[in-house]
Amino acid sequence: MNLWVVLPVLAVMALLRLLKVGLLTWVLVWWGALYIGMRYGLAAPAPQSVITLYMSIVTLSLAAYVGSSRERTEGVLGPMIRLMSEKRYTPLLVAIALLIPGLAGYNAYLAAGLREEPPYFSRTVHPAPPPQITVGEREVDLIRSVNPYRELEESDPQAFEEHARAGREVYYENCFYCHGDALGGDGMFAHGLDPLPSDFTDAGVLPNFQESFFFWRVAKGGPGLPAEGGPWDSAMPRWEQFLDEDEMWDVLIFLYDFTDRTPREVGEFVNE
Amino acid sequence: MNRHLTAMALLVLMGTGAATAGTLDLGSDAQREAGRVLYDKYCAQCHGDTGDGKGIAADRLNPRPRDFTSGKYKIRSTSSGNLPTTRDLMDIIRKGLPYTSMPPWPQLSETELTELAYYLKAFAPAFADPDFLSEPLDLPEPPPFTEESAQRGSQVYTEIGCGLCHGELARGDGRSAPTLTDDWGDSIRVADLTKRWTFRGGPRRKDIFRAFTTALNGTPMPSYAESMSVEKRWELTDYVWSLSPGDDPAYDNVLRAKKISRQIDLQDLDGLFDAAEQAYFPVIGQIMEPGREFHPSATGVKVRAVYNEIDLAVELRWNDMRAETSGSNGPDLEVPRFEDDPERGASAGTARVEGSDDEDDFWGDEEESSGEDDFWAEEEEVSDEDDFWGDEEAEADGAPSGPETEFSDAVAIQFPSQVLSGNRKPYFIFGDGKSPVDIWFMDLARQRPEMFVGRGSSALESQGMGELSAVASFDRGQWTVVYTRPLRDGGVIFEEGSFLPMAFSLWDGFNRERGNKRGLTRWVSLFLEPGGKKSVTGPVVKVVLLTLLVEFLIIGLVRRRYRGGVQGAVPASRA
C-alpha cells in the first residue's frame with residue numbers, strides 16, 4: 001500500500017466529515033477516493049481492466065445506496081436539480097458543463113497515447129481440488145486424506161525429524177530453483193515465470209489448507225489445475241513424474257517444518 | 001571434516017588470548033555458535049554441513065556452491081589472492097551472486113550477517129593466521145562517466161587482451177573461453193560483459209572497477225591492479241559499463257511487430273528491422289518435464305518483428321560462447337533419465353573441459369596440504385600475473401578450432417496451433433493433448449527450418465518445412481536467426497491488431513542441450529501493431545462532443561421539468 005496516497009485521502013475525508021457536507025459531495029468524494037486508492041494507492045499497480053471493473057461495481061453500489069431511500073435520493077438529486085434550474089447558479093453550471101467534456105477529452109487524449117496491453121487473465125490462485133486423484137497405482141482421497149507421517153510428530157518425534165530431513169533433501173534437489181532457498185517464492189528462475197512461484201512464508205498459503213490440497217498441487221502441478229487456475233501458464237511441475245508418493249508427503253512435512261506452520265485439519269472450516 | 005575440526009581447534013586457540021587476536025577479526029564463541037545455527041538452517045543445504053561445498057543441492061548447480069574450506073572468495077575489497085574481510089563477507093551474503101543459485105539474503109539482520117561471516121571464517125584455517133591478515137584496498141570513488149573515457153577504455157580492452165577470454169565484442173566468447181576452468185576443475189563461463197546485471201559482484205561502476213582490481217579468486221579472471229594505472233582502469237570500467245543498456249535487464253512481456261511497406265526477403269535483410277522495437281525476454285532452464293536443464297547457457301533472447309500485407313518476419317538474437325555447427329539437434333531428442341539424477345552423477349558441469357589436468361593437480365596439492373604456510377605459498381603463485389599469463393597464452397594457442405560436437409546449437413519459436421477462446425492457451429512446454437502448438441524449429445548446423453506440431457514434450461510430430469523459411473548467422477559471439485512465414489498460410493493465422501501467445505526455446509550444443517534439456521521462456525505476447533498513424537484528434541473531438549450533447553440533454557430536460565425551481569417538486573434538502 002502506498003501510504004503517501006492513502007493517508008492524504010483519509011485526511012481529506014476526515015476534514016469533510018467535520019465540515020458536515022451534503023450527501024451529494026459525499027457520494028462524489030467516495031467515488032473519487034476509491035478510484036485514487038485503486039489507481040495510485042496500491043504498491044503493485046492494478047491493470048486498467050481491473051480498475052474499470054472495480055469502479056463500475058463502486059458506481060452501482062453508490063447508486064444503490066442513494067436509491068435505497070427517498071431522503072437519500074433527494075439529498076443527491078436536489079442540489080443537482082437546483083444547480084441546473086436556478087438562475088443564480090448559471091455561471092457555476094456553465095463552468096461545470098465545460099469542465100466535464102474537457103476532462104473527458106483529456107482522458108481520451110491520454111488513452112490514445114497508451115499502448116495496447118495483452119488481455120488480462122485473473123487466475124484463481126487456489127481453485128477447488130478434485131475429490132480424488134490417482135498417483136501411480138493408488139487412488140488418493142483428497143477430502144479425507146492426511147499426511148501419513150504427520151502423526152509421528154507426536155508419537156515418534158525422531159522418525160518425524162527423519163521425514164522432515166528427507167523432505168529437505170527433496171526440496172533442495174528439486175524445488176528451490178523456483179520457490180527459493182528460504183521458501184520465499186524467489187528462486188533463481190522466478191524472474192522468468194508468470195505466475196510467480198508460491199511464497200510459502202506467506203501466512204495465506206500453508207496454514208490455510210489441508211495438506212492433501214498441497215499433495216494434489218505437488219503431484220499434478222500446473223497442468224493439473226482447472227481452467228480458472230490457468231494450467232497453461234503455471235510452471236509448477238507434475239512431481240508424480242519425478243517423485244514417489246512418500247517423497248511428496250515428506251517434502252510437505254519439510255515445508256511446514258521450515259516455516260513453523262501447521263496445516264488445516266480435515267473438515268476444519270476453510271474461509272477462503 | 002578433518003579440516004573443519006582443525007579450523008575449529010585453531011580458532012579456540014586464537015580466541016584464548018594470543019597477542020595478535022585483536023587484529024584477527026574472528027568473533028566470539030557465542031557469535032560463531034549463533035552463526036552455526038543460521039548456517040545449518042539456511043546455507044548447509046548447498047554449502048555442506050562442513051562447509052566443503054558438497055550440500056544436497058550441489059550436484060545440480062553450476063557454478064557449484066563455494067567450498068569455504070578453501071578460503072577463496074570472488075568478491076572482496078582485498079587484493080588478488082587474499083582473504084576477504086568480515087565486511088566483505090557480510091556484503092556478499094546480503095547481496096548474493098546474481099544469476100547463480102547463491103541468493104541474496106536481504107532478510108538477515110546486520111547481527112546475523114556478522115555471525116554468519118564469523119562462522120564461515122572458521123571453515124578456513126588461514127583466517128586465523130596473522131600472517132594472512134589482509135587489509136582492504138583503498139578503492140577510489142568513481143569519477144563521472146564520460147563517453148571519451150569509455151572510448152579510450154575500448155582501446156585498453158583490445159591492448160590488454162581481455163578479448164582473449166571475454167571476446168572481441170565482449171559477449172563472453174573469447175578464443176580461450178571454452179577451455180576455462182575454475183580452481184576446483186569445473187568449467188567456468190566467462191562473464192558476458194554486455195549484461196552487467198549478471199556480474200557476480202554487481203553492476204555499478206565501482207563494482208566493475210573492483211572486479212579487475214581485486215580479481216575474482218578461484219577463477220581465471222585476473223587482477224590488473226599491478227599492470228594498469230588507476231586512470232586506465234576507470235577508462236576500462238567506463239567501456240565495460242557502456243556495453244549494457246542498464247543495471248537491470250528490463251525484461252519485456254510483449255513483442256510489438258511494426259507494419260512496413262517494403263518486401264520481406266531473407267536474401268536482403270539490411271535494415272529490415274530498423275523500425276521495429278526490440279523486446280528482451282528472460283530464458284530459464286526447462287526443469288518442468290523430464291530431461292531437465294538446471295543451468296542453461298542463455299539468460300535471455302532479444303527479439304524484433306515486422307510484417308507487411310503478406311509476410312511476418314521475426315528476428316532472434318542471443319549471445320553464445322561458441323557456435324556449435326557440427327552434429328545435429330532436435331526438439332524431440334531423448335535425454336536419458338540419469339542425466340538429471342544427481343544420485344547417478346553426470347549432471348552439473350556437463351561440459352567438463354578435457355586437458356585441464358594441470359590445474360587439477362595444482363589445486364589437488366593444495367587440498368592435501370593442511371599447513372597454512374603451504375596454502376599461502378601456492379596462493380601467491382596463482383596471483384603472480386606473469387606466470388598466469390604465460391600459461392594462458394600457451395593454452396589459447398593450443399585451443400582446438402572448430403571442435404566436433406555431438407549436438408549443434410538450435411532454436412525454436414512456439415505459437416498455439418489455433419487461436420483459443422477466452423484466455424485459454426496450450427501448455428507452455430510444447431503444448432498438450434487438447435491444444436497443440438506449432439514449433440518453428442531450426443537446427444543451426446543445418447540452416448533449414450522445420451515445423452513440428454507439439455501435443456506435449458513427448459508427442460512432437462514433424463511437418464517438414466511448409467511455408468516457413470529462415471536464415472541464421474553467427475558473428476563474434478552472437479547468433480542471429482530470422483524466420484519468415486506468410487501471415488495466413490501454413491498454421492496459425494497472424495491478425496493485424498491482435499495479441500497472440502508466443503514462446504521461445506534455445507539449445508546450446510556446448511552444454512549438450514537437446515530435446516527437453518534446453519533454455520526456454522514462458523508464454524509472452526506477439527502484437528501486430530496496426531499500420532498507419534493513429535489519429536489523436538478524432539477520438540478526442542468525438543468524446544468532447546458526445547459529453548456536451550448528453551449534458552445539454554440532461555440540463556434541458558431538468559429545466560423543462562423544474563422550470564419554477566425545485567420548490568414543490570423536491571422538498572429542499574439539508575443543504
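Everything numeric in this text was worked out from a predicted model, so none of it was measured. Reminder, nothing fancy here: chain letters follow the sequence lines and each chain counts from 1.
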Would you please test Val543(B) and Tyr106(A) for side chain to side chain contact (heavy atoms under 4.5 Å, CB included) and show each step? CA-CA 9 Å; Val543(B) 165; Tyr106(A) 182 63; over 6 Å; no
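- Within the 4.5 Å cutoff, the side chain of Asp59(B) has no heavy atoms near those of the Glu173(A) side chain.
- Side chain of Arg522(B) to main chain of Asp233(A): no donor-acceptor pair is present (N/O by atom type, distance under 3.5 Å, no hydrogens or angles).
- Between Arg424(B) and Phe121(A), the closest side-chain pair of non-hydrogen atoms is not below 4.5 Å.
- When the candidates Pro282(B), Ser525(B), Pro290(B), Pro103(B) are compared by the number of heavy-atom contacts under 4.5 Å with chain A, Pro290(B) comes out ahead.
- With a 4.5 Å cut-off on side-chain heavy atoms, Asp432(B) and Trp232(A) do not count as touching.
- For chain A, the nearby parts of Glu289(B) are the backbone and the side chain; heavy atoms of each come within less than 4.5 Å.
- Of the residues considered (Lys20(A), Glu117(A), Arg238(A)), Glu117(A) shows the highest number of contacts with chain B, using heavy-atom pairs under 4.5 Å.
- Rounded to the nearest 0.5 Å, atoms CG (Leu77(A)) and OH (Tyr562(B)) are 7.5 Å apart.
- Residue contact with chain A, scored on non-hydrogen atoms closer than 4.5 Å, involves the side chain of Phe499(B) exclusively.
- Heavy-atom distances place the side chain of Glu551(B), and not its backbone, under 4.5 Å from chain A.
- In this structure, Tyr42(B) OH and Leu183(A) CG are separated by 9.5 Å, a value rounded to the nearest 0.5 Å.
- Residue with the most contacts toward chain B among Met236(A), Met188(A), Met84(A), Lys87(A): Met84(A) (heavy-atom pairs, distance under 4.5 Å).
- Within the 4.5 Å cutoff, the side chain of Tyr172(A) has no heavy atoms near those of the Ser101(B) side chain.
- Distance check: Tyr177(A) OH to Leu61(B) CG gives 5.0 Å after rounding to the nearest 0.5 Å.
- Annotation: maximal heavy-atom pairing with chain A below 4.5 Å, among Ile287(B), Thr521(B), Val254(B), Leu546(B), occurs at Ile287(B).
- Heavy atoms closer than 4.5 Å to chain A are found nowhere in Thr537(B), neither backbone nor side chain.
- Residue Pro530(B) does not touch chain A at all, counting heavy-atom pairs closer than 4.5 Å.
- Closest approach of Phe189(A) to Gly285(B), counting heavy atoms only: CZ-N, 3.5 Å.
- Note on Phe242(A), Tyr109(A), Tyr120(A), Phe176(A): by heavy-atom pairs under 4.5 Å with chain B, the leading option is Phe242(A).
- Panel note: side chain Arg256(B), backbone Glu116(A); a donor-acceptor pair is recorded below 3.5 Å.
- Atoms CG and CE, from Asp181(A) and Met102(B) in turn, are 8.0 Å apart once rounded to the nearest 0.5 Å.
- With respect to chain B, the highest number of heavy-atom pairs below 4.5 Å among Gly230(A), Ala111(A), Pro101(A) belongs to Pro101(A).
- If you take CG on Asp194(A) and CZ on Phe428(B), they are separated by 10.5 Å, rounding to the nearest 0.5 Å.
- Note that the CG atom of Leu548(B) and the CG atom of Leu98(A) stand 7.0 Å from one another [nearest 0.5 Å].
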